[in-house]
Q: 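My questions will all concern the structure given below.
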Amino acid sequence: MNRTALDELKQQIPLLEYLQAHGWKQARPIGFGRFLGLCPLHPDHKPSLLVDPRKNLFHCYGCRRGGDVIRFAELYHQVEFPQAVALLREWRGVAPLLHEVERFYRVQLHRHGEAVDYLHQRGIRSPELIEHMRIGYAPGRCLRGWLTQLGYSLPVLRQAGLVTAAGYDAHIHRVVFPLEGNLYGRSISPSAPPHRFLIGSKGGLYCWEQARLYPEVILVEGLFDYAILWQAGFYNVTCSLGTQLNARQWRQLCDGPRTVYVAFDADPNGSGQQAAQCLLLTLSQRGVTTRLVSLPDGHDPNSFFVQGGDAPQFQSLLEAALP
Ligand SMILES: [Zn+2]
């Protein structure tokens, strides 16, 4: 591998992203966009690993080691330089694969009336929204053939969770939404389990880079809630993909001063509201201002709009939300 190819590899794998994907938790920002956290390269009890995402470099004040993402992979996996490069290239490989999948499924959406009908049922009509969320459709029984034709081997597809052990497409009759390093599929047939993710983490908060710019953020639990609010002009919305936040999502939500409006499902058994209460408590303990949005009984933000609610009415719910 020549110098240019190495530089390209390093550019394609941001060090911070690689660290986080390997479970690294930053303890605190320390200015100039840098972070400090426990060092995974030596037994560490007080944060001594400094990461500079802009320079894509790390340095540990404890074990006195530092460098770029390749150096980190060498030390972390305890391999020589060529193996570290090979591991990083393999790791990077999943991203282009998911990109192909996304492209393929987006074409399918427009070829399958049943998928578009389903989106309409859930109130989703705007082409800008479909573009923004990169919504696609997985008809089933066609992805494997397409990717094999592109040169991806069956073991690679199985490992990514795109193809089942028996060799079938994992997502069948599902409207699909690309996530960071994952793909969420919502079944359009009532007989199948509604939600399906690929193996691996669901990633951070949905479209957080956009939502975090606002001083007030609306947090919803499902992507169809996100979609309907975004379509109605609430661009300060984000989604946790379920009522339980993972460590990365917690960090994101608490990464600066803001007010979080929690608009979880008002399901009849109260589980969404219970989860919301827990969330509010934890957030306020971490110094985040919170509001609980109270939807009419049995509603989630999606059904609120589908059954006739509009943006001004939702705005009134936000204004009436209690701490
Ligand atoms: Zn160290």
Side-chain angles (χ1 to χ4, degrees), residues 1-98 159-161 179-182 198-206 208-209 212 240-241 244-258 282-283 285-288:
M1 240 183 150
N2 62 26
R3 184 68 195 249
T4 322
L6 284 177
D7 283 344
E8 204 178 273
L9 180 70
K10 286 192 272 186
Q11 256 171 31
Q12 287 166 337
I13 306 179
L15 176 64
L16 185 62
E17 195 179 300
Y18 190 74
L19 280 162
Q20 286 171 338
H22 289 81
W24 188 68
K25 294 173 180 63
Q26 67 216 29
R28 60 176 187 272
I30 52 161
F32 301 103
R34 297 169 307 168
F35 298 102
L36 207 56
L38 292 176
C39 175
L41 304 175
H42 81 274
D44 199 7
H45 301 293
K46 69 173 177 38
S48 48
L49 187 81
L50 172 82
V51 177
D52 188 332
R54 276 184 256 185
K55 293 185 182 155
N56 231 7
L57 294 173
F58 72 96
H59 175 78
C60 176
Y61 294 104
C63 60
R64 307 249 153 224
R65 290 178 293 188
D68 57 19
V69 69
I70 302 177
R71 180 70 184 139
F72 179 81
E74 279 183 290
L75 295 167
Y76 186 79
H77 300 289
Q78 300 187 317
V79 293
E80 299 290 317
F81 185 84
Q83 283 88 35
V85 170
L87 282 173
L88 290 170
R89 291 177 73 175
E90 191 183 290
W91 192 79
R92 182 191 60 178
V94 182
L97 170 60
L98 287 179
Q159 204 187 353
L179 309 172
E180 301 167 348
N182 209 315
L198 300 179
I199 309 157
S201 160
K202 64 182 175 179
L205 291 168
Y206 189 76
W208 179 241
E209 286 313 306
R212 70 187 298 271
S240 49
L241 302 142
Q244 302 300 318
L245 272 66
N246 62 30
R248 174 126 178 263
Q249 295 176 331
W250 278 116
R251 276 201 306 279
Q252 289 173 323
L253 219 45
C254 302
D255 74 359
R258 60 173 58 87
T282 314
L283 281 174
Q285 282 166 353
R286 296 186 186 193
V288 177

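Order of listing sets the numbers, starting from 1, for every ligand and every atom in it.
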Q: Is it the case that the side chain of Asn56 and the backbone of Leu15 share a donor-acceptor pair, with hydrogens and angles ignored and the cut-off at 3.5 Å?
A: yes
Q: Can you tell me how far SG of Cys254 sits from CD of Gln285, rounded to the nearest 0.5 angstrom?
A: 10.5 Å
Q: Decide if atom CZ of Arg89 counts as having more than 12 heavy atoms of other residues, nucleotides or ligands within a radius under 6.0 Å.
A: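 Check fails, neighbour count at 12 or below.
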Q: Suppose the cut-off is 2.8 Å; how many protein N/O/S atoms fall inside it around the Zn ion (ligand 1)?
A: 4
Q: Is the CD atom of Gln159 crowded by more than 12 outside heavy atoms at less than 6.0 Å?
A: no
Q: Would a distance-only check, ignoring hydrogens and angles, find a side-chain to backbone donor-acceptor pair under 3.5 Å from Trp24 to Leu38?
A: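 Checked: pair present.
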Q: Quick one: does Lys202's side chain have a donor or acceptor within less than 3.5 Å of a partner on Ser240's backbone?
A: yes
